[in-house]
Structure formats: structure tokens, C-alpha cells
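Written out below as C-alpha cells is the structure these notes cover.
Numbered from 1 within each chain, the chains take letters A, B, ... in sequence-line order.
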Amino acid sequence: MWRVACYEWFDALRSRRALVVLLLYMAAAVCNMYWSINLLHKLENELATVLQLPKSEQTGVISTTLWKSKPFQRIMKEMTQNDLVLQDITGKHPVELIYAWFAFFYTPLLVVLVSGSRIAEDLGSGAVRYVIFRTSRVSWTLGKFVGQAFMIFFALILSGIGAYAVAKCRLAGSGTPDLFMNIIQWSVRAWIFSFPYLGLAMGLSHLTKSASKATIMGIVAITVCFVVTILLRHFTADAGWRAYLPYLGVLVPEEHKMYLWRNSLAPLVTGTVYLMTLGCCYLLAGYACFRKRDV
Amino acid sequence: MDNAIETTDLVKRYGARRALDGLTLAVPRYAVLGLIGPNGAGKTTWMMSVAGFLQPASGTINLLGHGPFDPDAHCGRITILPQDSELPLESRPLELLTHYGRLQGLPKQEAARSAAAMLAEVHLGDRLNSPIRSLSHGMRKRVMIAQCFIGYPEVVLLDEPLSGLDPREVAHMRAFLTRRRGRQTLVISSHNLHDIEVMCDHVAFIENGRTVLVSTLEEVIGTASTLVYQLTSEPADFDAAAQAVPEATLTFDAAAATLVCRYDPRLTTPEEINSRLLPALLSQCGVTTVTRGASLETEYLKSL
């Protein structure tokens, strides 16, 4: 399995499509950071005007004040919908939060675009036939999965480095090693969050021999996940079909995302184990269809 | 001699159509068996079933005495050249074949050495690190053939191995495959009966998903019991020629101007027959060639 995984990663790095998506993702992370810092600067200046504080040429100087303001805390509480998470992220550097939001929000799309078609491509071209008499089908599937997980990790670390570089240039006093380490930490958390989506996209990829169909199926799947998340947040469980909605939440990665926004180890470990298990379940569900299928 | 592959009553359906309809075939160990049959006869389906790519509806497969294909039991012992299957386009031949060798369980150095040697054998020594995307169709086919022989597997299944190769490479590959006789078990599917005749020592005729005939090439074309005379014209006195070899049966094909002489090898020898028949024929017409055995094409067409 490890040999398949290493070769898959190596091969994926050479894939033009994966490389383009990876670079686009990195560019998006950099641009997002750039625009967010500009926006933050404007917000701070407006806040300074309202609070009658001296305006600053540098962004991020009154972030601490901002965090202390009650209305801002209320906004954040609405956004996180979780007191514990709010407590954990309070006081964090805005750059960290901007990057974390970006990484968590766009990782599912990155996963589908980079990894969603890898298995279907090999099934369609027949390349799988050169491998599965040399190793078991399960090793091939798991190797592909692990190889793509490496690829996503690489993409997230690169985007984190890009975002940090922008923050260092644009934000005074933010080029600290601590901030760099924190951004990398958020990259790792986003990577853990990518597991269920990776499992879902690659599981679905077992069902077709067409790379484009596999990508479309992956996009539809993440859309369904988002729709279910919205439904779960806006409908309370009561009688009828809505009573079953909370059970759906078990299957939706978004519902377990907030574990990864916590600081303490226990929720982090719980979330990691849960999301990784969910990813493996999705992958193995796809593998179950492939296990005895003609190739 | 024990068998490397045994399939019994193999059935594979594609919807209502039966691609394999109870196909029974045994391939002796170290044999080079040619699979012959029309398009859609079931040759490729049989190979894919043996390699574990397809799941047969019924029947049994026994591969190297360990039942149907199982990666644990057969990894590195059986390889296949599948039809219509592309290699990963971004990969390089040397690294890809080394990777395949590693998957078969070869140590890194040995896998790399075996990959380089096989690529040199198929005349791709100068394209070891070119992306497969940049190779021509024939070159890709040679990489596909090379991957079959990494790590010296016991059984190699080759589906149309020579199609798409230029004449020089066809001759080279034919010689290469012929050299494997008695060392590895090869199953070669091809529509080119001349290639089969040159490379194989066993043949199987397949028709509508069933085996029509399985035998040694020698028996099928009658190497030991048939002499074929290519004549310049029809013998003026056919009876006189027949009287020269009363223990044999002569048949003249006017269209091809060939005289086929069949005899019982237990009673006489080809030299003895030829020593009496050739002078009798030369007194009546010209003889351009004398060969032992009929052509595979003749025997195959006769079997239909």
C-alpha cells in the first residue's frame, strides 16, 4: 500500500491538472489574505473613527481592542454558533482566522478537483490493469487514498506558506515564527478536515470510468453535504421527517468541523478520529462496489 | 506434465450474451500456447478472467495450483499484457517498470535492473526517462510488453502482443517470445496465424466462448504425419505418384497447386516417403518446396 501511495503522490505532483488546481488554490489563499488584510485595515480605520482613536497606517494594531468589543464578540458568536469555540479563538491573530476560514471553506472543493477523478481515470484508461495483478485491490485503493492525502497536505502547507508571506509583507509585526507555526497548524487541521471529503470523492470515483463524471459526482456530493448542513442548522428536530435530520448530521463532515477549531487536546483528538473514520467509511463504501467489479 | 492454468466450464455473461460459454482449457506448464479464434470468440475475456479482472458467472479457474487469481498467492508469478489499456501517461518507462517490479516484491535494485534490462530488450534503452505521453503507439506497446517480463514471472498472458509494432520489431519480439519456450508459460492471443505458428508449441481454437480444439502445434499441423509439396503445375499422372507411396494418402489442391501427403508416422518416416514420392513428382512437374506439416492457417480454416 505504501508503495502505491508514494508513487501516487509522485505521479499526482506531475499531473498537469492537479498542479494547475494546486497553484490556483495557493493563488486563491494568497489573494484572499491580501484582500482580507486590506478589508481589515479599512474596518480598523472606521472603528478608530467611531471610537475616536488615532488612525494607524498599519493593519492589525487595534485588533485586540476589536476582540474586546461586545458587539464584535456577538458577531463572532453568531458565526461560530459555539461558545467553546468562540472562547478558544478569542484573541487569536486575525491573519490566523482569515487563513483558517479560507482553508476550511475551500478544502472540500480542492479535494474534489484534485483527487476526485484519480481512480476513475485509472479505471477508464485501463492503467489499473497493470497494477491489480501485482497488488490487491484494497491496497491499490488505500494507496491511492493515502497518496492523494499527501497531495492535499502538500497543497495546504503551500497555501499556508503563501498566506503567511502575504501577511508578513502587508501586516506590521506579523512575521513572527509563532504566527507561521499557527498558520501551519491550521493547515494541518484543514487537512484533517479534508479526510471525509477525500474519502467521499475517491469512494465515488470507484463507481465510474469517466474522470469528468467522477468530478461532477464529487461536486454534487459536497453540495449535498452543504445543503444538509444548512438544513440541520435551520430546522429543529421535531415530528415527521425532520425528526430524522439529526441522524444525517452524523454523516456530514461540516457537523464535526468545530472540534478542529478547539484548542484543547480532547476535542481535537475526538474530531480527528471521527473525521478520519468518516473518510475511511466513505472510501470503503466505494471500494465495496469496486471489490468484485469487472475492470 | 502438470498444468499452469486450468479453467473448467467457465461462463462469463455480458447482459444476455455469453462471452464464455463453458470454456474449458488447460495450459501445460512451460508451454507457449496460441489462442486462436475470430473476433468476439472469448479470447480476451478468458485472459481477463484468468488474471482476475473479470468475475466469471460460473466455472472454475486453477492458476498455478492455487485456485483463481489471488494477489497473495499469485503476485509476481503471473503478468498480463491487457488489450486497450493505457499506461499512466505522465510516468517514465524506467521508473514505472521499477515501481511495478517493486509491487511484485522485488528489491529496489533488482527491480530497477530488471526494468532497465527489459526496456533495453524491447529497444527502448534510449527512452528510459521519456514521459510515456511522448512515446509513439508502437513504443508504448513495447513498454507494455516489457512490463510483462519484469521479475521473470511463471505465467505471462499476452493479448495481441505484436499488433501495432513495425515489421522489424515484430520479428524481434517474435524471436524474443520464441526464446521463452520451455522457460515460462506463455499464452498468446493473436489473429496472425503465422506468428502463432512460429512462436507457439501448443494451440487452442476458440469459437463462441467454447474450446473447439486444444493440442500441440505438431499434432494440429501434422508435422510428424504430413508432407506438403508445392508444385509448379498439376501432376500429369496422379496415380503414378500415389503408387510410389501406397502407405500414404495424397490430396491435390489445384487452386494452391499443393500436394498434401499424409502417412502414419508409426509405419514409416518422412525421409522414406520423400525419397520415393519426390522423384515420382519431379518426373511429371516441378516441385518448388517440400515442407513438413500443413500450415496452421489451413488447419484452422479446415476446423471451422
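- Distance check: A/Y7 OH to B/R102 CZ gives 13.5 Å after rounding to the nearest 0.5 Å.
- The part of B/I78 that comes within reach of chain A is its backbone (N, CA, C, O), which places non-hydrogen atoms under 4.5 angstrom from that chain.
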Worked check of side-chain contact (heavy atoms from CB on, under 4.5 Å) between B/M48 and A/D294: CA-CA 9 Å; B/M48 305 261 273; A/D294 292 346; over 6 Å; no

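- Atom CZ of B/R92 is separated from atom CG of A/D11 by 9.5 Å, given to the nearest 0.5 angstrom.
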Could you tabulate the donor-acceptor pairs under 3.5 Å formed by side-chain atoms of residues 130-143 of chain A, not counting sequence neighbours?
residue	atom	partner	partner atom	Å
A/Y130	OH	B/S85	O	2.8
A/R134	NE	B/Q104	OE1	2.6
A/R134	NH1	A/Y130	O	2.7
A/R134	NH1	B/Q147	OE1	2.9
A/R134	NH2	B/Q104	OE1	3.0
A/R134	NH2	B/Q147	O	2.6
A/R134	NH2	B/Q147	OE1	3.0
A/S136	OG	A/S139	N	3.2
A/S136	OG	A/S139	OG	2.8
A/R137	NH1	A/F290	O	2.9
A/R137	NH1	A/R291	O	3.4
A/R137	NH1	A/R293	O	2.7
A/R137	NH2	A/R293	O	3.3
A/R137	NH2	B/G52	O	3.2
A/T141	OG1	A/R137	O	3.3
A/T141	OG1	A/H206	NE2	3.0

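- Residue A/Y34 qualifies as open at atom OH: its count of foreign heavy atoms under 6.0 Å is 12 or below.
- Interface check for chain B: of the options A/G124, A/A127, A/C6, A/S125, the most heavy-atom pairs under 4.5 Å are formed by A/S125.
- For chain A, the nearby part of B/Q83 is the backbone; its heavy atoms alone come within less than 4.5 Å.
- In this structure, chain A has no heavy atom under 4.5 Å from any part of B/K108.
- A distance of 11.0 Å separates CZ of A/R14 from CZ of B/R133, quoted to the nearest 0.5 Å.
- Within the 4.5 angstrom heavy-atom criterion, only side-chain atoms of B/F69, from C-beta onward, approach chain A.
- Taking the side chain as every heavy atom from C-beta outward, A/R129 and B/I80 never approach each other to under 4.5 Å.
- Using a 4.5 Å cut-off between heavy atoms, B/D72 does not touch chain A at all.
- Proximity to chain A is absent for every atom of B/S49, based on heavy atoms less than 4.5 angstrom apart.
- If you measure heavy-atom distances from A/V128 to chain B, you find no contacts under 4.5 Å at all.
- Around CG of B/N208, the count of heavy atoms belonging to other residues, nucleotides or ligands within 6.0 Å does not exceed 12.
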